[in-house]
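Written below as structure tokens is the structure these notes are about.
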Amino acid sequence: MIRAAIVGGSGYTGGELARLLLGHPEVELAQVTSRANQGSYLYQVHPNLRRRSELKFVAPDQMERCDVLFLALPHGEAQRAIGHWAGLAEYIVDLSADFRLADAGLYAQWYGKSHAAPEWLERFVYGLPELNRSQLAGTKYAAGVGCNATAAILALLPLVAADLIEPGERIIVEVKVGSSEAGASGNSGSLHAERSGVVRTFSAFGHRHTAEVIQAFGLDNLSLTMSAVDLVRGALATAHVKLRTSVDQKALWRAYRQTAVENPFIRIVKEGRGIHRAPEPKILAGSNYADIGFEFDPASGYALAICAIDNLMKGAAGSAVQAMNLMLGLDEALGLDFPGLHPI
Amino acid sequence: MQSNCPECDAVITLEDGTEVNEILVCPDCSSELEVTALEPPALAPAPMEEEDWGE
């Protein structure tokens, strides 16, 4: 069995990682750290894990050697101690934003400070298998993905892969996100009184995840606008994209089919009948699937490219486990077969 | 026998015994399609009932 451990396991992403790794047929979850909760059982923080594990949280300095170390620390912490963590495991998957951007200058531009370990940036592969499958299969270090970036990237992926986007035209991506994206540490904006029923645009331009989308495709004429909605889990990206004049509906279908064929967790949702005609995040809770779809307006030449994900799964822990599977030469879908719930 | 969906270009297999004027559903885009010919097979969009499906 592969021995895995989680550093920083008391947050929502850490809990989701623990759930996935405890159910993984090739992995033994050996340790989970939490300074605030050391000595407590995992299920006392993540109640869905009751009777699934008798592990207790340990302090970070009690971490022992293992095969794969998942870092689920607050942004900025992994980069300050990456040498220490790399000494404890051959493989590392860091779920923070610390190693997502390959260029230290880009990091400073988007995060407003210098990177503490710029020499490590080139060792990490951006951990979205739909972008970097072959690179992940050959690396020991993967950077976990940003959830909003994942939704935006996967919405655009079929159009970019098939070269259907009109060069130079601005791409506008709207992302609606649930509250779990903000993490398990509360703030005034996460109070029930403020969050319940919310539809609130909290970042019109300049959200940090924009940098991941730009890096993924080299599309710098692009913006992300983020809105909080009344979901716990889920992100829905809708990208407004001007297409080349030669593109028609059938070309779009061919592009989307190709993307779905190449990626086991991408499904096309574009139905002409019934009520589930377009991707929606609600049914993806707990699932690693990304549902994608599109609509095309021949009159304007614009497409609306849509992607729905569970932000804690495909947008974080699910992609991290998928990346681990690739890094270790396992079936990339191993331990990730939950299809979501309906109704929910 | 095979034909292509006129909406999304999916390959559609017509089972033995398929008749002209029969209505099929595209497995990819779920468009309703009318079989307009058999030799060679041809499909055309069938009128779909409009419905207020979302909001």
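Note that the structure is a prediction, hence the values are computed from the model and not measured.
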Donor-acceptor contacts under 3.5 Å from residues 159-170 of chain A side chains, at least two apart:
unit_1: D163(A); atom_1: OD1; unit_2: R244(A); atom_2: NH2; d: 3.0
unit_1: D163(A); atom_1: OD2; unit_2: R244(A); atom_2: NH2; d: 3.3
unit_1: R170(A); atom_1: NH1; unit_2: N221(A); atom_2: OD1; d: 2.7

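Atom NZ of K250(A) has more than 12 neighbouring heavy atoms from other residues, nucleotides or ligands inside a 6.0 Å radius. When the shell of 6.0 Å around OH of Y12(A) is examined, it contains 12 or fewer heavy atoms from other residues, nucleotides or ligands.
Atom CH2 of W253(A) is separated from atom SG of C26(B) by 6.5 Å, given to the nearest 0.5 angstrom.
Nearest heavy atoms, R254(A) versus D9(B): NH1-OD2, 3.3 Å. E7(B) and Q249(A) make their closest contact through O-CG, 3.5 Å (heavy atoms, listed as atom of the first residue, atom of the second, distance).
Counting only heavy atoms from C-beta outward, the side chains of E271(A) and S30(B) approach each other to under 4.5 Å. Residues R257(A) and C8(B) have side chains in contact (heavy-atom distance under 4.5 Å, counting atoms from C-beta outward).
Both the backbone and the side chain of D28(B) come within contact range of chain A, each with at least one heavy atom under 4.5 Å from a heavy atom of that chain.
The candidate from P6(B), C5(B), C29(B) with the greatest count of non-hydrogen atom pairs under 4.5 Å with chain A is C29(B).
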